[in-house]
Trainee: 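This is the structure I want to talk about, given as structure tokens.
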Protein chains: 2
Amino acid sequence: MKKSIEKNDLDEFINKCKSFGLKITPQRIAIYQEVLVSSNHPSAEAIYRNIKDTHPNISFDTVNRTLLTFADMGLIQIVEGSGDARRFDINTEQHHHVRCTKCGSITDFYWEKYNNLEIPEEIHEKFSVNKIRVVIEGICNSCQLSSISNE
Amino acid sequence: MKKSIEKNDLDEFINKCKSFGLKITPQRIAIYQEVLVSSNHPSAEAIYRNIKDTHPNISFDTVNRTLLTFADMGLIQIVEGSGDARRFDINTEQHHHVRCTKCGSITDFYWEKYNNLEIPEEIHEKFSVNKIRVVIEGICNSCQLSSISNE
DNA sequence: ATGTTTGCAAATAGTTTGCATCCAG
DNA sequence: CTGGATGCAAACTATTTGCAAACAT
């Protein structure tokens, strides 16, 4: 429950920006504050709409770019797969995904232990469940190598 | 390992089409065959490129629409979240997602049992893992209700 | 002062829709 | 024949890029 913004949050944010060499701008603070009070999984558009009330001059691009920056900083995350082109999954057997967050590749894997995961009663009450899958995200070896060689 | 197309596959496909009242067209067969030999998680664009060699007259739209139709039929699936606008995940605690495939809402949930899932050695060898999450897909209650009232 | 960030506009990419024509049943 | 399917084009939507002006440090 992180609905009240505390001074601590802001200090932490400022330090984090500094550690990444980023400037503290009013826009970034506004976006960060909006992020703190957001529930759900807002799109850049949604954040933009909410911020516009109090900061009428902010541009959508700034919001979008800033959110991307925050994701780089690890302050927030991008919901798996969203924002990419639609991909189809041909494999109809029970399987799981590892996704490289750098190159976007998705690899299937099989792992007995994930196949009969129990589903919380609470979920069954609120959803008619069709599918359950484990999604692992990381950086694949070849992306790892290429980022080393780029430095 | 489904790399060789067998007559069975095609018969099964034809029956499935019939059961959905869909016509068997050369395009649908070509797309289905391409799907069968696809590994990875192709985009409509990728399928289109591969098919174009043997079916130069096929249009991208047909490929895209047909893949969507196949997904409706349950023949293939859409990779979770792909094709949607980018969404941000504000919640940095370990949590999991239930997604309604109808309205696109994503709801966080917490479930102790999912929090320390073992990761296969094979994955650790090939990826530097950042995140693991369980994603459940289904239809939420309010979508369920609205689809009943629409009939 | 100076290099980053912002806001705007334009470019690009991905997806959807409308419609005339075509073809499977 | 006839209704569903296709191909094309245009409309939309989402995302990215380039750049001049503004601002934080």
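Naming: A, B, ... by sequence-line order, numbering from 1 per chain.
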Trainee: Using the salt bridge (charged side-chain N to carboxylate O under 4.0 Å, His left out) rule, collect all pairs that involve residues 129-145 of chain A, keeping only residues at least two apart or in two chains.
Mentor: A:D89-A:R133, A:K131-B:E80, A:K131-B:E137, A:R133-B:E80, A:E137-B:K131
Trainee: OP1, OP2 of D:dG7 versus side-chain N and O of B:Q27: anything below 4.0 Å?
Mentor: yes
Trainee: When you measure from the side chain of B:T62 to the backbone N and O of B:I58, does any donor-acceptor pair fall under 3.5 Å?
Mentor: no
Trainee: With no hydrogens and no angle check, is any side-chain donor or acceptor of A:T69 less than 3.5 Å from a backbone partner on A:R65?
Mentor: yes
Trainee: Taking only heavy atoms on the protein side, list every residue of residues 47-61 of chain A lying under 4.0 Å from any atom of DNA chain C, sorted numerically.
Mentor: A:N57, A:I58, A:S59, A:D61
Trainee: Scan nucleotides 22-25 of chain D against the protein and return all N/O pairs shorter than 3.5 Å with their distances rounded to 0.1 Å.
Mentor:
| from | atom 1 | to | atom 2 | distance (Å) |
| --- | --- | --- | --- | --- |
| D:dA24 | O3' | A:I24 | O | 3.3 |
| D:dA24 | N3 | A:K23 | NZ | 3.3 |
| D:dT25 | OP1 | A:I24 | N | 3.1 |

Trainee: For the ring pair (Phe, Tyr, Trp, His ring centres under 6.0 Å) test, which of A:H97, A:H95, A:H96 pairs with A:Y114?
Mentor: A:H96
Trainee: Report yes or no: does B:R87 contribute a side-chain atom to a donor-acceptor pair with the main-chain N or O of A:V79 at less than 3.5 Å?
Mentor: no
Trainee: What pairs meet the ring-ring contact (aromatic ring centres under 6.0 Å, His included) rule with one or both residues in residues 56-76 of chain A, with sequence neighbours excluded?
Mentor: A:F13-A:F70, A:Y48-A:F60
Trainee: Which of residues 67-77 of chain B sit near DNA chain C, with a heavy atom under 4.0 Å from it?
Mentor: B:L68
Trainee: To the nearest Å, how far apart are B:I78 CD1 and C:dG14 P?
Mentor: 16 Å
Trainee: Given the rule in the side chain to side chain contact (heavy atoms under 4.5 Å, CB included) test, do B:L10 and B:Q33 qualify, once you have shown the distances and angles that lead to the verdict?
Mentor: CA-CA 8 Å; B:L10 207 63; B:Q33 289 180 331; 4.1 Å; yes
Trainee: When you measure from every atom of DNA chain C, which of residues 80-91 of chain B have a heavy atom less than 4.0 Å away?
Mentor: B:G83
Trainee: For the pair made of CD in B:E45 and P in C:dT15, what is the distance, rounded to whole Å?
Mentor: 9 Å
Trainee: Does one side chain, of A:N91 or B:H41, offer a donor that lies under 3.5 Å from an acceptor on the other?
Mentor: no
Trainee: Taking NZ, NE, NH1 and NH2 as the nitrogens, is one of them in B:K16 or B:E12 under 4.0 Å from a carboxylate oxygen of the other?
Mentor: no
Trainee: In terms of hydrophobic clustering (I, L, V, M, F, W, Y; side-chain heavy atoms under 4.5 Å; direct or indirect links), are B:F88 and A:M73 co-clustered?
Mentor: yes
Trainee: Among A:N115, A:L117, A:N116, whose side chain to side chain contact (heavy atoms under 4.5 Å, CB included) with A:I132 holds?
Mentor: A:L117
Trainee: To the nearest Å, give me how far apart CZ (A:R28) and P (C:dT4) are.
Mentor: 11 Å
Trainee: On the nucleotide C:dT6, are OP1 or OP2 found under 4.0 Å from the side-chain N or O atoms that A:R65 carries?
Mentor: no
Trainee: Against B:I31, only a single residue in B:T25, B:L36, B:I51, B:N64 fulfils side chain to side chain contact (heavy atoms under 4.5 Å, CB included); can you say which?
Mentor: B:I51
Trainee: Do the side chain of B:R28 and the main chain of B:T66 share a donor and acceptor less than 3.5 angstrom apart?
Mentor: no
